Every structure is written in C-alpha cells, then in structure tokens.
There are 2 protein chains.
Amino acid sequence: MQSPPTQFNQNHLLAALSPAELERLKPHLELIHMPLGDVLCESGGRLSYVYFPTSAIISLHYILENGSSSEVAGVGNEGMLGISLFMGGENTPTWATVQTAGYCYRLKGPLLLQEFNQGGPLQRVLLRYTQALITQISQTAVCNRHHTIEQQLCRWLLLTLDRLNSQELVMTQELIASMLGVRREGITEAAGKLQQAEIIRYRRGHITVLNRAGLQGHVCECYDVVKKEFERLFRDVKKS
Amino acid sequence: MQSPPTQFNQNHLLAALSPAELERLKPHLELIHMPLGDVLCESGGRLSYVYFPTSAIISLHYILENGSSSEVAGVGNEGMLGISLFMGGENTPTWATVQTAGYCYRLKGPLLLQEFNQGGPLQRVLLRYTQALITQISQTAVCNRHHTIEQQLCRWLLLTLDRLNSQELVMTQELIASMLGVRREGITEAAGKLQQAEIIRYRRGHITVLNRAGLQGHVCECYDVVKKEFERLFRDVKKS
DNA sequence: GCCATATTGTGCGCTAGCGTACATACTACG
DNA sequence: CGTAGTATGTACGCTAGCGCACAATATGGC
C-alpha cells in the first residue's frame, strides 16, 4: 500500500478554502483510513462527521425494498460526504458506503456547520459542490434510462479513475453490478468486450485500465457532462 | 379557466418565509401566467428570474444528443425554479419547460440572491428545499433503473396530482412519454391498463383520476420516498 | 502446496420495452 | 357539418437485459 495521502489539498474542496478557514479547521481535521465496504450512513441515519476523501471513494446509493440497489452518485477527492448537514434535514434516504478503500479527512458536523454559517468562501465552495453533485445525480438518472450497460460501465470506470492516481481499481464485478444496479452477468459481458478490445485487463477483483482513450470511445455523453461540471466548479472556485 | 391563484402562500416556499422577508419581496413578486411548453431555461442558459409556481408545473429535464429526453424532477407549488442562482454556477445542463400551464410568481435573480445572502429563514428554507429536490432526482434515477413503465407512470401521476388542486391533468400521452423518457406506445399501454381498472379515465389530452388509492396500489416505493421528504421539508420549516 | 471460498464465465429461456408502421377516432376550426 | 390535423390504439418482429443454473478458475489462508 502507498503511504497515506496526508496533504490537505489532496481533497479539492479543502484545497479551495481560504487560508484562514483552513487554519481554523486544521486542528479538527482527522485523517482516517476507510476500509472497503464500511457503511458511513444508513438510510435515514444521522452523520456525526463530514468526510473529505483524499484517496477513498464513497458511494451514495439507494437500497430498494426488494434488496437490490443502485448508486446515484460517487464522492471522491473532488467532494465531500455529508451535505445534508448544512443543507438541512439532517439525513437522507440514501446510503453511503466505502467503494474504494483509502483515506479521508473527517470533521465533526457541528464544526463544519459553524464555519458554514459564517458565510465565507467555504459556504460558497460547498454550495457550488452541491450544485455539481446535483448534476451528477441527474445524469445518473438520464443514463439509467437511455444507455447500455457497456456505456454505463465506461462512464463509471472513467469517473472512478478520475478520482484515483492509479490505473488500477480494486473492484469485483459483483460490486460494480450493485453500483450500476444491474446483474453481475451483465458486467461480466460488458467487461469481457472491453477486455477483448484491450481497453482493460481484468483479474479477480482488479481492473487495470490499459487504454483510457478506448474507454472514452465507448462512453456515452453523460461522462462529459459530469466531468465538465466538476471542472467548472473548480474554475469558478479559483476565480473567487 | 379558474381565476388565477393570487395568494402568495399558494406557493409553499413563499408561505414559509418570515413576515419581514415576504414584505421585502412582495413589491417585486410578479404574478405571471405560463403557457404549456414555454421554455424557461435551456441547457447552459442563464436564468434572470426565479419562479415560484402556484398552479403551474415546471419540468426539469435533460435532452440527449440524439434528441430524446427525460425528466429528472418536477417543480410545482412545493418549490421553485432557479436554485443554481444561489447554489452557484449560474446554469445547468438541464432544461426547464412548462409541463402544466398555470401561474407563477417570479422574482429577479439578483433580488433573491441578495435576500439569500442575508442568511435568514429564506436561506434555510431554500437550502432545505434543494435537499428535497436532490432526493427527488435521486429517486428518479433509481426508479428509471428498476421499475416498470406502469409503476413510473403512477409515480408521475401522483406527484403531478399532488401539485394540483384538481383531479384532471391536461396532458397528452406523447408528453408524458417524453417526460418519462419512454415510447409513447408504452404510455398508451400502461394507461390502458389503468383505465381498464377504472383508476383513470383518458380522453384526448385529458386524464381524470377516478381512484387515487388505485394509483397508490400500482405505484413503486419511490413515490412515498419523495413525498415523505417533501412533507418533512415543511415540517422542519415550521419548526424553525 | 492444497483446499475452501470467492470470483468469473457461459448458456439457457423469458420479458419489457423499443422501433416501425399503420389504423382509428377525436376535436377544433373553417 | 365536414375535414385536417392531432391524439390514441394496435400489431409485429427485435434486442437488451433479466433470472436462474451451473461450470470453471483464481487466491488467500492454512
């Protein structure tokens, strides 16, 4: 395993704070490792911390009455978990689990809220992030309706790749299937095609992306929409 | 046509403002009629007004490169159009069109922003609404993945019904199909079943709901999730 | 090095929904 | 009152993805 990513600015939101804000928060930011599968928040549950991933990826997903599930958005080093704390309502019908093991900074909810209510750049950044998250969720809705499993797999792989430094994801087909809300066999088939095209290599819980451009050739428009929105978020934030 | 709904409190968000806030805004709130199909915002376009529907319903939807479309959320008298104004980012990849003709109060964007930045109850209400909107969009994503056209039609009818005072919607099957992102024939079939079960009556662009409980018997869990979230929104708002 | 277990591959038949084409029936408007 | 145009009904073959069953294979722990 690589050494833990201990720079605050490895999370883009923390990186976008004003120096004064970051100094105030620093003593309370706690670096923790999050193991795969860890449940951070159940449906209707209350978060006592907010999490700023540096290398971990968290999945926001909904679990149906019949037990099947599907992801509505992911949270990586571009974002944070726990927007409902400052948006109000305290909890959501959504679950949050660790989809890729790694590190997060966490911060006690009330502290974040206090800083948010000052109305400084942090507020602006967090609201802007929430807007980008809305775009991501919307695009998931559209993609679920209109695109093939293969296209969705490519979208998902690219988004996940963008949140990592590495070309390799630790991830079973079963897990990907439950994220996309499809059968595991559907992923086997789509991944098989990508492997034949030498775009990815698969080995028992590890996917290596050999040819990123290849993925982009198979992905639907949804990936670009989400990606551009995140780029815009950080462009805007810098301007401020 | 009924007489226009001219009470500010017919929009639940306006109704939830503090008296002082409402007094400040009142002189600037302009009641306007919105005809069916009116495009309020194109993808990437900038809104100069925010809209608080009283009897109109606005659809937030995405249009794919190939021309097909699907709705990610609706906005009726429970909400407002234009959250990106205070969330930041100014625009979204989403379109906003009038799905049911009716009335809205509109307000110049900068005025809303100014009030929002005061950090009073209005800010709290709008953020809380945005949280509920996120739930609605998330549930659309889940529903698109897992539920049948019939279930989705029921969800959509119930949500629309909740935003109206009437049991009759003015709505062609073609339009519903483009909302749900499915074929028109799919709606014909699903609506036919509901009609046989004497739950709705269909006549050329008009749907009358005969038996609301019947709809609830055919709907998926998604409707309840969204509905409860909106109820919670206004419960919370009253508490404050 | 071996084995239990988790993971992936494959092959059915089945269904929902798509795309297309065309027939029918309202209804608004002249 | 007739007609043009819009809205709805229906039919048919096709495909993606499902549900299920089971075979094959890697891997970590002993």
Side-chain angles (χ1 to χ4, degrees), chain A residues 1 35-37 64 66-70 99 101 141-157 168-197 200-208 218 220, chain B residues 1 35-37 64 66-70 99 101 141-157 168-197 200-208 218 220:
Chain A
M1 179 170 309
L36 177 65
L64 294 162
N66 70 16
S68 56
S69 82
S70 69
Q99 170 215 304
V142 171
C143 203
N144 281 355
R145 166 66 73 216
H146 292 283
H147 297 131
T148 63
I149 292 186
E150 188 181 352
Q151 290 176 307
Q152 295 183 50
L153 175 60
C154 290
R155 166 176 66 86
W156 193 89
L157 287 174
E168 184 179 325
L169 344 184
V170 179
M171 186 65 56
T172 66
Q173 298 186 347
E174 185 77 50
L175 189 49
I176 297 180
S178 84
M179 297 284 127
L180 296 186
V182 299
R183 283 185 320 155
R184 194 264 314 160
E185 291 87 335
I187 300 297
T188 303
E189 193 189 336
K193 279 191 202 164
L194 295 177
Q195 180 146 234
Q196 283 197 333
I200 63 173
R201 199 176 52 220
Y202 222 111
R203 58 162 256 281
R204 239 189 135 65
H206 299 253
I207 312 175
T208 310
H218 286 71
C220 49
Chain B
M1 177 166 314
L36 178 65
L64 293 162
N66 71 14
S68 56
S69 82
S70 68
Q99 171 216 302
V142 171
C143 202
N144 281 354
R145 165 67 75 215
H146 291 284
H147 297 133
T148 63
I149 291 186
E150 189 181 353
Q151 290 175 308
Q152 294 181 50
L153 175 60
C154 291
R155 167 177 64 86
W156 192 90
L157 286 174
E168 183 177 325
L169 344 184
V170 180
M171 186 66 57
T172 66
Q173 299 186 346
E174 186 78 48
L175 189 48
I176 297 180
S178 85
M179 297 285 129
L180 296 185
V182 300
R183 283 183 321 154
R184 194 264 312 158
E185 291 87 339
I187 300 298
T188 303
E189 194 189 336
K193 279 190 203 165
L194 294 177
Q195 180 146 233
Q196 283 197 334
I200 64 172
R201 198 176 52 220
Y202 222 111
R203 61 162 252 280
R204 237 189 135 66
H206 298 253
I207 312 175
T208 309
H218 286 72
C220 50

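Please read all numbers here as calculations on a predicted model, not as lab measurements. Chain letters run A, B, ... following the sequence lines, proteins first, then strands; residues in each count from 1.
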A/Ala141 backbone acceptor or donor facing B/Asn144 side chain under 3.5 Å | yes
Value rounded to 0.5 Å, distance of CG in B/Leu194 from SG in B/Cys154 = 4.5 Å
Would you tell me if any nitrogen or oxygen in the side chain of B/Arg203 comes within less than 4.0 Å of OP1 or OP2 on C/dT27?
-> yes
Would you please confirm or rule out a distance under 4.0 Å between OP1 or OP2 of D/dT8 and any side-chain N or O of B/Gln195?
-> no
Could you give the angle between the helix axes at the two ends of the helix from C/dG1-D/dC30 to C/dG30-D/dC1, with five pairs per end, rounded to 10 degrees?
-> 40°
Integer-rounded Å distance: D/dT15 C1' and A/His146 NE2 = 17 Å
Give, for atom CD1 of A/Ile176 and atom CE of A/Met179, the distance between the pair rounded to the nearest 0.5 Å.
-> 9.0 Å
Between B/Thr188 and A/Glu150, just flag the one whose closest nucleotide in DNA chain D comes earlier from the 5' side.
-> B/Thr188
Which pairs, protein N/O on one side and nucleotides 1-4 of chain D N/O on the other, fall under 3.5 Å?
none

Of all residues at least two apart in sequence or in a different chain, which pass the side-chain contact (heavy atoms from CB on, under 4.5 Å) check with B/Ile149?
-> B/Val182, B/Ile187, B/Ala190
To the nearest 0.5 angstrom, please state how far the CD1 atom of B/Ile207 sits from the CE atom of B/Met171.
-> 7.0 Å
Can A/His147 and A/Gln152 be said to form a side-chain hydrogen bond (donor to acceptor under 3.5 Å, both in side chains), step by step?
-> CA-CA 7 Å; A/His147 297 131; A/Gln152 295 183 50; over 6 Å; no
Write down the distance between CD (B/Glu189) and P (C/dA16), rounded to a whole number of angstrom.
-> 9 Å
Rounded distance (Å) that lies between atom C1' of C/dT15 and atom NE2 of B/His147 | 17 Å
Looking only at side-chain atoms of A/Thr148, point me to the closest of D/dG17, C/dG17, D/dT10.
-> D/dG17
Can you sort out which residues in residues 175-183 of chain A have a heavy atom within less than 4.0 Å of DNA chain D? Ascending by number, please.
-> A/Val182, A/Arg183
Euclidean distance, atom CZ of residue B/Arg201 to atom P of C/dC26 [Å, nearest integer] | 14 Å
Is B/Val142 close to A/Leu64 at the side-chain level, that is, under 4.5 Å between some pair of heavy atoms?
-> yes
To the nearest Å, how far apart are A/Lys193 NZ and C/dT8 P?
-> 18 Å
Atom CG of A/Leu169 and atom CD of A/Gln99: how far apart are they, to the nearest 0.5 Å?
-> 8.5 Å
Those residues that, when tested against A/Arg155, pass side-chain hydrogen bond (donor to acceptor under 3.5 Å, both in side chains) (two or more places apart) = none
Taken to the nearest whole Å, CG/B/Leu36 to P/D/dT6 is 15 Å
Would you give the length of the straight line joining atom CZ of B/Arg145 to atom SG of A/Cys143, rounded to the nearest 0.5 angstrom?
-> 8.0 Å
Residue whose closest nucleotide on DNA chain C lies nearer the 5' end, A/Gly192 versus B/Gly186 | A/Gly192
Where B/Gly181 and A/His146 come nearest, the two heavy atoms and their spacing = O-CE1, 3.6 Å
Find every protein N or O atom lying less than 3.5 Å from an N or O atom of nucleotides 21-25 of chain C, and list the pairs.
residue : atom : partner  : partner atom : Å
C/dA21  : N6   : B/Glu185 : OE2          : 3.3

Gap between atom CD of A/Gln195 and atom NZ of A/Lys193 - 0.5 Å precision = 14.0 Å
For the residue pair A/Leu180 and A/Trp156, what are the closest heavy atoms and their distance?
-> CD2-CD1, 3.8 Å
Crowding at CD, A/Glu189 (>12 non-hydrogen neighbours, <6.0 Å) | no
Would you check, one step at a time, whether the test side chain to side chain contact (heavy atoms under 4.5 Å, CB included) holds for B/Gln151 with B/Thr148?
-> CA-CA 5 Å; B/Gln151 290 175 308; B/Thr148 63; 3.3 Å; yes
Would you mind reading off the distance between B/Ile187 atom CD1 and C/dG19 atom P, rounded to a whole angstrom?
-> 14 Å
For D/dT6, does OP1 or OP2 lie under 4.0 Å from any side-chain N or O of B/Gln173?
-> no
Could you give the CD1-to-P distance, from A/Ile149 to D/dG19, as a whole number of Å?
-> 11 Å
Assign B/Gly205 to base, sugar-phosphate, or nothing according to its heavy-atom contacts below 4.0 angstrom with the strands shown.
-> sugar-phosphate
